[in-house]
Amino acid sequence: MAYTALEKMRRRNYALYGRDTGPCQPSLAGGGLERTDLKSAALRFIHERCEELKFDSGIEQTEEKTGTFRGTSLKPGQIPYNMQMDINRLCLERALERFIDSGVAEDAYEVYYCFMEIFFGDYSRSKKMVELLAEFESNGSSLLMKHRDHYSHSVYVFALGLALYETNKAFRRVFAEFYHLDTDEVSTGRSCRAANLFLEFWGLTSLFHDIGYPFELPFEQVLSYFEVEHVDRGRGILYLAYHDLDRLLVLDESASARFGELYGKSFGRVTEVLAHDLSAKLGERYGFSREEMLDIIERKPTAPADFGYYMDHAFFSACRLYRELEKSAGIGNIGRMHVDALSAIVLHNSLFKYSIAFYRETEKYKGPLRMKDHPLAYMLMLCDELQCWDRTAYGRNTRTELHPMTAEFDFAGGGIHACYYYDSAEQDKIDAFRESYRNWEINGEKGPAPRLKAYSDMAEKEKRFTSEIKLIVDISEVPLHIVPSTKQYSRRSKHTFLSDSNFLHLYDLAVALHGRNRDPDTPTEELERQFEALSLEYQLSTLNRAKYFSRCLDAIRCFYTDKPVDYAMVTEFTPEQAAVIAPMEHERWIREHQMMGWVSGTDYETLPLPDGINPDTPKGREMRRAMREQMRCHKLAMEGTVTSEDIRNHYRSLSEEDQGKDWKPFNSMLQILKKFDGLRIYSLD
């Protein structure tokens, strides 16, 4: 069984009540066990390989001895701890499913949120690390000449890595050997330990490999000022450099002692740890010492002129993530695999390509990175190169270039067959490129070949896209075949709406929505504490309601914005508007519960309580609520394949009280949004 703690609870309930009351096993989305597309492979990895993720046998034994559950559902103590961990994993699986289907930043955020709650333990303490990247990109990137999204991009990279681990036996074997795991169990798929380790440390590597961009963006903004005047970067230009980096780099005594335990050496700065790790892994093969690598890394932020006048965000990503790990995990819990994730990140952008392998200098080129050299870095560099589709263009020049809008992957046989699709509406650009490329060939291929970035890199006979990947990573055990194509692209599939705010974060909105009935003077910190006391499943439900608000506003021809606009402001929803919103919210709730494996039923209300407890007492009512969470059935849920009309009819059959649960929170949203400075709702009518 994929979700073993849920199955254990199901057997327990059967023994207690003499009937199958649930919970049921969640279904595997994306085509089941056989398909090898990106979505199917990535979701199958989480569903099938990651059993017992974050389980605690000690807590389980204590629960069995005391008869008291330690897990949280709607409230603490309602379910076993390991059952909560199973549901958390299901939350991550469903969040990734939603993101792969949509590709939108709000769904990418949900993946980040799940990962951080599972592995960091408290999103609120680390939220700025994620939110700052999204905020910088949306607000500052349009000032650059070239820049594309790195927020949703990182979640796509995450999904690619999961799919490759799932489908490539060679990588699973190398990963197991590198980390001294049982290679036989890994190759046959019986080892959840290896998969769980990969999920955690690949997640750290992939999801946070670009969080240093807020340091690179100001550097590029200054250069863009001169590039507008056609001044090339190089000697004589003005540029930024970073100094006084001690706050980011210096290790305190406890950190220095911890790394001394891990490596048997004394370290005073994060860069010294990274240089030591890289020289141990790659120094002999690529011919550099620890001291030489330390010099290169430490000059990255302070001397960009030494690196072609480029600022390396990877340096800042690694150092910033280290500080976050130090705060969230605690220095005593940081191990060598954490350092591997950090060194993979510092390698991925330019360090390996230009300062280690010299991949564009034929005479100095030292070969691609192999799986066995550094598995996490190998996977990051491969997936980072592959993920070039569906990335929002922010920069002035980038917005006019031709980039793939979507892609289809097939990982059959451990290889990668990828078809990148360009918008057929841009066919005139493609035809013009093909004609100029043919003329270039006919005329003896004199001078540089015509380019249409990135289409030409895939379509021309040189296959620059594939050939560059081969120079960066060894793909001898990951056969790679890339083809470009075109098809009509529907932007409606992105589900984007007029509602927009550059500084509104879903977490803040969800916290306020959950606390809508609290005293208006309740401190934000207390509201966050109450929100964090919910299980991940219920936190996500509130986040999804907050996300859904823009869709509901669109349906009644309204929108929110922090910009001054000449439209009528909305201060209260009319009964007619509520009649539109409520069935929509009810459908969201129904679909959400179906995805999370809830079924329709009333057993939790009708079956006898243990020990003859009176169901009409406070204790009895509390036990009924706990039974609902343990059975994962709900009287308002629906089962099977249901249409939107089926759900609307279901909504109409509800009592007035239950109907109010679907629309009253949205009236509260009007008041909540007033707390966000300058954010108001307007009507298009």
Side-chain angles (χ1 to χ4, degrees), residues 54 56 58 115-116 118-129 175 178-181 193 196-205 207-209 211-212 215 242-284 288-302 312 314-348 351 373-377 380:
K54 305 298 285 186
D56 190 312
F115 184 87
M116 293 173 73
I118 292 171
F119 294 108
F120 283 51
D122 185 349
Y123 174 82
S124 63
R125 289 194 301 171
S126 303
K127 64 178 182 174
K128 286 301 179 186
M129 180 173 63
F175 183 81
F178 194 87
Y179 290 109
H180 309 293
L181 304 168
R193 179 168 177 255
N196 291 344
L197 278 175
F198 180 75
L199 175 62
E200 178 175 1
F201 291 98
W202 169 242
L204 278 179
T205 304
L207 292 174
F208 304 103
H209 75 279
I211 58 169
F215 292 92
Y242 290 93
H243 297 282
D244 296 331
L245 296 170
D246 286 359
R247 186 183 180 109
L248 192 65
L249 301 181
V250 172
L251 302 174
D252 62 19
E253 288 186 9
S254 60
S256 183
R258 175 58 180 164
F259 288 118
E261 292 174 9
L262 292 174
Y263 296 104
K265 294 182 179 294
S266 176
F267 301 102
R269 295 162 71 84
V270 177
T271 45
E272 293 173 13
V273 179
L274 294 172
H276 175 80
D277 186 68
L278 291 175
S279 61
K281 288 181 170 65
L282 307 179
E284 182 177 352
F288 63 84
S289 66
R290 174 192 170 194
E291 291 71 26
E292 289 169 331
M293 180 51 57
L294 178 61
D295 174 65
I296 293 170
I297 293 176
E298 293 212 325
R299 282 189 287 115
K300 283 284 186 179
T302 61
D312 189 0
F315 167 87
F316 290 100
S317 295
C319 297
R320 179 70 180 86
L321 179 58
Y322 166 72
R323 287 302 183 202
E324 208 62 46
L325 290 171
E326 188 181 53
K327 178 177 70 174
S328 61
I331 188 61
N333 294 314
I334 291 179
R336 286 185 175 229
M337 288 192 74
H338 291 97
V339 176
D340 287 356
L342 299 175
S343 64
I345 289 172
V346 84
L347 274 178
H348 88 273
L351 180 61
D373 295 330
H374 194 328
L376 290 174
L380 179 58

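From a predicted model like this one, the values you see are computed outputs, not experimental measurements.
Ring geometry, F198 versus F175: the interplanar angle exceeds 60°, so the pair is classed perpendicular (tilted spans 30 to 60°).
Across all their heavy atoms, S289 and S279 have their closest contact at C-CB, 4.1 Å. Nearest heavy-atom pair, L251 versus S256, reported as atom, atom and distance to 0.1 Å: CB-N, 4.2 Å. In plain terms, the two heavy atoms of F178 and D373 that are nearest each other are CE1-O, 3.8 Å. Looking at every heavy atom in both residues, I345 comes nearest to L204 through CD1-O, 3.9 Å. Scanning both residues, D340 and H374, for their nearest heavy atoms gives O-CE1, 3.2 Å. For L278 against S343, the heavy-atom pair with the smallest separation is CD2-CB, 3.7 Å.
In this structure, the separation between CZ on F259 and CZ on R269 is 14.0 Å, given to the nearest 0.5 Å. Atoms CZ and CZ, from R247 and R323 in turn, are 9.0 Å apart once rounded to the nearest 0.5 Å. Distance CG/D295 to CZ/R290: 13.5 Å, rounded to 0.5 Å. Annotation: the span from L274 atom CG to F315 atom CZ amounts to 8.5 Å, rounded to 0.5 Å.
In this structure, the side chains of V270 and L248 stay at 4.5 Å or more apart for every pair of heavy atoms. Side-chain contact between L282 and L347 is present, with at least one heavy-atom pair separated by less than 4.5 Å. The shortest distance between side-chain heavy atoms of W202 and L380 falls below 4.5 Å. By the 4.5 Å heavy-atom criterion applied to side chains, H338 and Y322 are not counted as neighbours. Residues R193 and Y179 are not in side-chain contact: their nearest non-hydrogen atoms beyond the backbone lie 4.5 Å or more apart.
Residues passing the ring pair (Phe, Tyr, Trp, His ring centres under 6.0 Å) test with F115 are F119, sequence neighbours excluded.
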